[in-house]
Number of protein chains: 2
Amino acid sequence: MQVIEVLREASKQVYQSVKNLAGTEDAAGDFGRGAGGDISRRIDIVAEKAVLDYLKKINFQCVVLGEECGRVELSDNPKGFVIMDAIDGSANAVRGIPFFCCSLAFATDNKLSSVTDGVVTDLHSGDMYWATKGKGAFMNEKRIYVQKSPPIYKIIGVNVSGSSPELIKKLQPVFKSSNHTRHLGANALELAMFARGLIDVYIDLREKIRVTDMAAGYLLVNEAGGFVLDPDLKPLDSDLGFETKLSFIAATNKKILDEIVSQIKK
Amino acid sequence: MQVIEVLREASKQVYQSVKNLAGTEDAAGDFGRGAGGDISRRIDIVAEKAVLDYLKKINFQCVVLGEECGRVELSDNPKGFVIMDAIDGSANAVRGIPFFCCSLAFATDNKLSSVTDGVVTDLHSGDMYWATKGKGAFMNEKRIYVQKSPPIYKIIGVNVSGSSPELIKKLQPVFKSSNHTRHLGANALELAMFARGLIDVYIDLREKIRVTDMAAGYLLVNEAGGFVLDPDLKPLDSDLGFETKLSFIAATNKKILDEIVSQIKK
């Protein structure tokens, strides 16, 4: 069984487990702080359990790195890491805003650039976005690409929730110049929509994003023809640690990137 | 036929007309500037035509105020105004981001506070939000209310697209204090979701919102138990003119309002 098939099936199990839970009181139950530092909600725990149960059932030889469960070694001789944010956009999921997803990725080594497979499933619609390194990105069975021609409305995803005053100040010209900034509240799903050609730039410079939030999205954007850069405009990379917090800019092409970068204050 | 039934049926006609158009190249066709000042897209025109055709067909005695078509007098002896943003969130609709709606309201006089009926239809899901003054707000057939108990995750809608540097500076503490700000890109649908209890505060102080964008959402929020205030914290009101640009804050209750207002810099 190919790694991508394992992730896709695990992701389907999550969709089945939570599709009637989002927006209910039951979804919100408090399970204490997870490995990533946020409060684990019942919907997070149910979703992670679906993945872990499936990986155990098929005896998949890996180490799981989960937003809630932390590091779980499912083998003494692992083939690599499953990087899991079983519910990305937990606040949306708990409140019932129809925009949250399951993000699963597989990496051969302890770094983001070694991610070989990624799956983001929209847990509201059930749409599945997936990619294998070197083989392109897909939405369900259709090949997807980032927006190639100049868009009629340029959509700029910007996350400034919990931002420092300094960062807001740096990004102020971006807000001023765009009538179409967005912040939908589920990083991995926003990157999947970016890969599908619906968003042109995505900026998150808060140093708050964890690798679990973006490993799959990172591969999707790269395989769909876009790029994901660090604040020094080098290809984003990092270890897979829970303590590692990332900032990044994703862009569909160099022209759009240069335009945005020229707006951001030094 | 009750006014609310007329608006609901017109809204259904829009849903039928555009449900296969969103996100297609066809949706984006340029029809020049509409009455509201933005470029009218084919999807906007198709949606407005559906409403106008229906109102003419049933011989509804009114004056239509439409984002694209401007003032259209359908009677010499009108009962009132139909305030129409047939596609709110046009950029999302054209790009295929599944978050846009049809907003229709009915007002007896040339002012927002005389709105008696409002319908917002989510044109992706087909869900219909509607309200009649004094009779409560509904989503499909279910009565809806704003969030009443303190929310687990407080969601703050903030629109700063195209904002002045001064406004960004004023709102900076709001971003700093919240990990859950959102901007989904369709004002009327965000107010409908607010009325349904999914968003707790909604801030748009850009002086850019037109009455057509928010007449229905305004009634939904009020009928669901929330309130919509102007920048001086008085109940929002205005004439129905196309040139009138509004700023507002919607909140579910006084406590949440006071908290946000104390954060906004003078």
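The chains referred to below are lettered A, B, ... by the order of the sequence lines, with proteins before strands, and numbering in each begins at 1.
When each of Ile168(A), Leu198(A), Ile199(A), Asn179(A) is scored by its heavy-atom pairs under 4.5 Å with chain B, the top score falls to Leu198(A).
The local environment of NZ in Lys49(B) is sparse, with at most 12 non-hydrogen atoms from other residues, nucleotides or ligands closer than 6.0 Å.
Here the CZ atom belonging to Phe175(A) is positioned 10.0 Å from the CG atom belonging to Leu171(B), to the nearest 0.5 angstrom. Note that the CD atom of Glu166(A) and the CD atom of Gln172(B) stand 8.0 Å from one another [nearest 0.5 Å]. Note that NZ of Lys176(B) is 12.0 Å distant from CG of Leu167(A), once rounded to the nearest 0.5 Å. Distance check, rounded to the nearest 0.5 Å: OG1 of Thr181(A) to NE2 of His183(B) gives 5.5 Å. Taken to the nearest 0.5 Å, the CZ atom of Arg95(A) stands 4.0 Å off from the CG atom of Asp200(B). The distance from the OG atom of Ser90(A) to the NE2 atom of His180(B) is 9.0 Å, given to the nearest 0.5 Å.
Heavy atoms of Val160(B) lying under 4.5 Å from chain A belong to its backbone as well as its side chain. Proximity to chain B (any heavy atom under 4.5 Å) is restricted, for Ile39(A), to the backbone atoms N, CA, C and O. For Asn92(B), the parts lying near chain A are the backbone and the side chain together; criterion is any non-hydrogen pair under 4.5 Å. When heavy atoms are compared at a cutoff of 4.5 Å, Lys208(B) approaches chain A solely by way of its side chain, counted from C-beta outward.
Figure legend: Arg182(B) and Phe99(A) shown without cation-pi pairing, the cationic atom not lying both under 6.0 angstrom from the six-membered ring centre and within 45 degrees of its axis.
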